[in-house]
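A note on names: the letters A, B, ... follow the listed sequences, proteins ahead of strands, and every chain is numbered from 1.
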2 protein chains.
Amino acid sequence: MTTNRAALRMKPRRQQAEEALAKIIASMKTGEQLPPEPSLARQLGVSRATLREVMRTFVERGMLVRRHGVGTFVSSRIPALEAGLEVLESIDTIARRMGLKTEVAHLEIVERPATPTEARGLDRPEGCDVLVVTRVISVEGEPVADLRDVVPLAYLRARELGDGFRGSVLDILLNKPALLLVTSKTQISVAKATEKFARRLGVPRGSALLKMTAQLYSYDDKVVAFSTSYFVPGHFQFHVMRKVSRR
Amino acid sequence: MTTNRAALRMKPRRQQAEEALAKIIASMKTGEQLPPEPSLARQLGVSRATLREVMRTFVERGMLVRRHGVGTFVSSRIPALEAGLEVLESIDTIARRMGLKTEVAHLEIVERPATPTEARGLDRPEGCDVLVVTRVISVEGEPVADLRDVVPLAYLRARELGDGFRGSVLDILLNKPALLLVTSKTQISVAKATEKFARRLGVPRGSALLKMTAQLYSYDDKVVAFSTSYFVPGHFQFHVMRKVSRR
DNA sequence: ATAGGCAAGATGTCTGACAAGTCAACCGGT
DNA sequence: ACCGGTTGACTTGTCAGACATCTTGCCTAT
């Protein structure tokens, strides 16, 4: 077999170098200067051209600043993405990284036709069949989020959510190699807790909730999932690193 | 004078190519394939290595997807940053782009020692002298945001805010070439309108507001400004494009 | 029909060179 | 002693060409 499976393909050298450089950056203080490109390339075992492509990604993320004729400097090490919004991750993944335990409550999994709002969010005809997963996520016993994911049946069926379902539809979608998810567009707003949400989240009725709605896009720009989340403030700290518009 | 001023320095070829490629991408449909690198490089008048660095930035932003041995494809054209959070812009700039008029009310400009909270946000000793600018921004007559910017006097003085001050401290800081601002870290949460905010923003007391606090960093990672903003929901739609964590 | 080989064409990487910017040390004239 | 320009070392920016590797589809031998 000449075609090798994606799973056991070796990492491209660029990616190896990227991880290695990330470690180097993490070990340096802010404002410190990196070694010159030629020696850094030798150190990482790649050519200067490849190294420069790698560095470009870090510049794009705002972690490195280059000054022509002077050098390359560590700008701000985004601290291993604590709960930053640049990268889409499931609450479960974030909580696990912070060493916290999550539980699922009020779990409800149904297959039914999409409502008009859901159809619009999915960019699909109204009434198309979708899988709807609703649940409340608790971290260390405290309810922190009310989540609803809507996915067309073509992408996910109810039976694929095994009994070990920990509440993350996203993690399941990410593990379907055929989908090749790329980006998510997340809208941010606020909402007041209705009677129902107040009861489910254990907060006073009318208290302010952080509301996020998101569309998950595959590489060909199809909407794979449409999700609505309500977060109880104070439990998760969301932040986003923003680039200053370049001159 | 052998050293030329930053203002009239020619754009590096990479940046020219970046802008040209952005236009090409914008003119293409999603999923469409780009020309091969060699011909694209010729078309843009740069070498393949430079073109690849440029492409890397678009890949990093999720606008291009590359498949080894196959080609490069247009993924999703982030629609010319409507009010996305990836790039830091002033409300004034956003509103102007949308063709709306802004006004400033309750403007208050004082120089005084920093409060403990402000000092912590600025990562400076408590009581250091700062410039504090507070105001309410209205768009088309409707109050939409209550803003407070805190800047150490070393970076900005009250007298630098001319009489034509349109409410954007950010735009003034961006136009100070010596600062070289790079990134901003913005925390997102919610708050309920207190008596004071309710009156200033013309909303019922206790209604939910979107709260953002941000630190503005210069290239050497000094905090140049610390700002707190309260947004009336519904007037601005904030969203953020999130990358899926790479495998 | 089908499996295997093969070649075309795409991205991935490397090498070595030169261009351009920055900074500091140096040096001559005042 | 001071000031101004020059030089040179060192950095990032860009280039050209070559080869490696991956994917795909065609084409042939079975």
Novice: If you compare every side-chain N and O of A:Thr72 against the phosphate oxygens of D:dT12 (OP1, OP2), does one of them come in below 4.0 Å?
Specialist: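 Yes, A:Thr72 has a side-chain N/O under 4.0 Å of OP1/OP2 on D:dT12.
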Novice: Can you list, by residue number, the residues of residues 34-56 of chain A that have a non-hydrogen atom closer than 4.0 angstrom to DNA chain D?
Specialist: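 The stretch gives A:Pro36, A:Glu37, A:Arg48, A:Arg52 as the residues lying under 4.0 Å from the strand, ordered by number.
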Novice: I need the CD-P distance between A:Gln15 and D:dT21, as an integer number of Å.
Specialist: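 Rounding to the nearest Å, CD of A:Gln15 and P of D:dT21 are 18 Å apart.
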Novice: When the distance from CZ of A:Arg14 to P of C:dC14 is rounded to whole Å, what number comes out?
Specialist: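 Value for this atom pair: 12 Å.
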Novice: Under the salt bridge (Lys or Arg N to Asp or Glu O under 4.0 Å) rule, what do B:Glu18 and B:Arg14 come out as? Steps first, then yes or no, please.
Specialist: CA-CA 6 Å; B:Glu18 189 169 321; B:Arg14 199 210 88 247; 3.0 Å; yes
Novice: So which atom in B:Ala20 and which in B:Leu44 form the shortest heavy-atom distance, rounded to 0.1 Å?
Specialist: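 Shortest heavy-atom separation between B:Ala20 and B:Leu44 comes out as CB-CD2, 3.7 Å.
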Novice: Atom CZ of A:Arg67 to atom P of D:dT12: distance rounded to whole Å?
Specialist: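 Checked: the CZ to P distance equals 12 Å.
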Novice: Is any N or O donor-acceptor pair between the side chain of B:His68 and the base of D:dT23 shorter than 3.5 Å?
Specialist: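 It does not, because no donor-acceptor pair links the side chain of B:His68 to the base of D:dT23 below 3.5 Å.
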Novice: For A:Leu156, which of A:Asp149, A:Val130, A:Leu173 qualifies under side-chain contact (heavy atoms from CB on, under 4.5 Å)?
Specialist: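 Exactly one pass, corresponding to A:Leu173.
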Novice: Are B:Leu40 and B:Thr72 packed together at the side-chain level, in the sense that at least one heavy-atom pair is separated by less than 4.5 angstrom?
Specialist: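 The answer is no; the side chains never approach within 4.5 Å.
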Novice: If you compare every side-chain N and O of B:Arg13 against the phosphate oxygens of D:dC15 (OP1, OP2), does one of them come in below 4.0 Å?
Specialist: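 Answer is yes, contact under 4.0 Å.
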Novice: Which atom pair, heavy atoms only, marks the closest approach of A:Phe226 to A:Thr213?
Specialist: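 Nearest pair, atom of A:Phe226 first, then A:Thr213: CE1-CB, 4.5 Å.
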Novice: Would you give the length of the straight line joining atom CE of B:Met55 to atom CD1 of B:Ile25, rounded to the nearest 0.5 angstrom?
Specialist: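 That separation rounds to 7.5 Å.
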